[in-house]
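The structure under discussion appears below in the form of structure tokens.
The analysis underlying the following values was restricted to heavy atoms, covering all of them including side chains, and did not include hydrogens, waters or symmetry mates.
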Amino acid sequence: MEVIAVAPWIYIEDLKKHIGEEVTLKGWLYNMRSSKKIRFLEVRDGTGIVQCVMGAGDVPAGVFESTGGISRESSIIVTGIVKEDARSKIGVEIGLTGLELVAKAQPYPIAKKSHGPAFLLDHRHLWIRSRKQVALLRIRHEVIRTLRGYFDKRGYVCFDPPIFTANACEGTSTLFQTDYFGKTAYLSQSGQLYGEAGALALGRIYTFGPTFRAEKSKTRRHLTEFWMMEPEIAYLDIEGVMELVEDMLVELVAVILDKRAEELKVLERDTSLLEKVRKPFPRVHYKDAAAKLTKMNDRFKVPFEDGDDFGAEHETELTKSYEKPIFVHRFPAEIKAFYMKRDKDDPQASLSVDCLAPEGYGEIVGGGEREDDLDALLKRLGEHSLPKEAFDWYIDLRKYGSVPHSGFGLGLERTISWIAGIHHLREAIPFPRTIERLTP
RNA sequence: UCCGCAGUAGCUCAAUCGGUAGAGCGGGUGGCUGUUAACCACUAGGUCGGGGGUUCGAGUCCCUCCUGCGGAGCCA
């Protein structure tokens, strides 16, 4: 076909800066509607979708006719005049002057009408081209950029922990096991212990990377591979953690509302609920939360008892009475990891805190103050029957200039799901890994 | 590991009391100058998840296995 690529190549997101000009777009055919003498081509280029109008007489001889045979998702390069048009969803459309077919696509598996989740996940590599998935992945990018920026601006150092580890970090979750030159290695379930070493070296750090859990969880809130951001700060206490998490989430939500408004609209997110994410977030003592839940036991399938960890239904019920994220702090030490510091005013309680997102999205942040006393830490390791040798380096941190320190872990996909208002975590990551899914 | 739901055309689903397997989308062919999940006509497309059983007759009832989904536990 004819190539008339003299006009400058631009992206669809920048079209409004070029009204009245002839431009070139390089992308793919998202959809086409045709009649005898006019065709409407929806062209996408990764930054947006624009409708291109081709009248039979607008393009060189033969181009109009051959365009009719172009299948969805064929790659094309088009030239045309950018025009303002009130009928367009994005305010502009293109009057085509030329079209070059780069590669014709075979019949595209993803239909314009609905598909089931299994089919879509089997075609995830193509599904990510769809409008909503593009919006979600752009929000994911903005969340990552904003969170990193939040800590970078405040002098935190990005500190990358190893992914291969020799031992179970917390001794709780089931880990993925792999052969490491004849030794057994595990895939990291958290970078936190390494983050503590980093905080004592650099003052305040954050880790950001993938983590792995071999739990056989089959729910929309679980992946076997997910991303966590884990800040760790020397000389910070539990109150400081809550202030930090609160400030971080308020900034994050504000930035996404501002910079990714278009994407939230594509996802039909009710942003009025996000507008309410302002300081302060309610701080609920575990004891008060437990008392509240015990009174509501008639509505639970699994009754709640003081001292229990929250189940999903308890968590949801607890957050229902608030419009913004809440903190629940000072969980019983017994149900928390060995490294949690005890509350000196209540030795049964740990200086731990979870942040629960509203609308039933559940725990997005968990953290607290770490045990910094050598003897207490050794005692905890014993109580949890963890092998002391494997933690020698971690114990060292208490021998050489131990300080009170705190940190938290933020689950990236859960945070994205909440902000974007999506039903299932698996759409918040390009290629989700679940118990039954290793491909694509 | 436990509980629940589902599996019918490439995809999404329907099929009454057990009685000749259908529709929409997608594909193909043709029509249409403002469509926007475009529309209209025609057309091709089926081992009803596998195995066994009941019955004159099974997509439908029974048993069993497989696969997927949702939830619980655990967690972010």
(request) From the options C75(B), C69(B), A37(B), select the nucleotide whose nearest atom is closest to the side chain of R426(A). (result) C69(B)

(request) Examine the base of G71(B) for any acceptor or donor lying under 3.5 Å from a partner atom in the side chain of E313(A), and report the outcome as yes or no. (result) no

(request) For C74(B) and C2(B), measure between their C1' atoms and round to the nearest Å. (result) 14 Å

(message) Less than 3.5 Å apart, any donor N or O on the side chain of Q192(A) or E232(A) sitting next to an acceptor on the other?
(response) no

(request) Would you indicate which nucleotide in C75(B), U12(B), U35(B) comes nearest to any side-chain atom of E315(A)? (result) C75(B)

(request) Taking the six-membered ring for Trp and the full ring for Phe, Tyr or His, determine whether the centres of F338(A) and F391(A) are under 6.0 Å apart. (result) yes

(request) Answer with base, sugar-phosphate or nothing: what part of the nucleic acid does Q51(A) contact at a heavy-atom distance below 4.0 Å? (result) base

(message) Is K36(A) close enough to C32(B) that one of its side-chain N or O atoms is under 4.0 Å from OP1 or OP2 there?
(response) yes

(request) Consider the side chain of A118(A), meaning its heavy atoms from C-beta on, and name the nucleotide among U33(B), G68(B), C11(B) that approaches it most closely. (result) G68(B)

(message) Could you check whether any side-chain heavy atom of S74(A) comes within less than 4.5 Å of a side-chain heavy atom of K104(A), counting everything from C-beta outward?
(response) yes

(request) Could you tell me the separation between the CG atom of D122(A) and the P atom of G68(B), rounded to a whole number of Å? (result) 10 Å

(request) For A58(B) versus A23(B), give the span between their C1' atoms, rounded off to a whole number of Å. (result) 23 Å

(request) Treat a base pair as Watson-Crick or G-U wobble with both distances under 3.5 Å, then lay out RNA chain B in dot-bracket form, 5' to 3', with | for cross-strand pairs. (result) (((((((..((((.....[..)))).(((((.......))))).....(((((..]....))))))))))))....

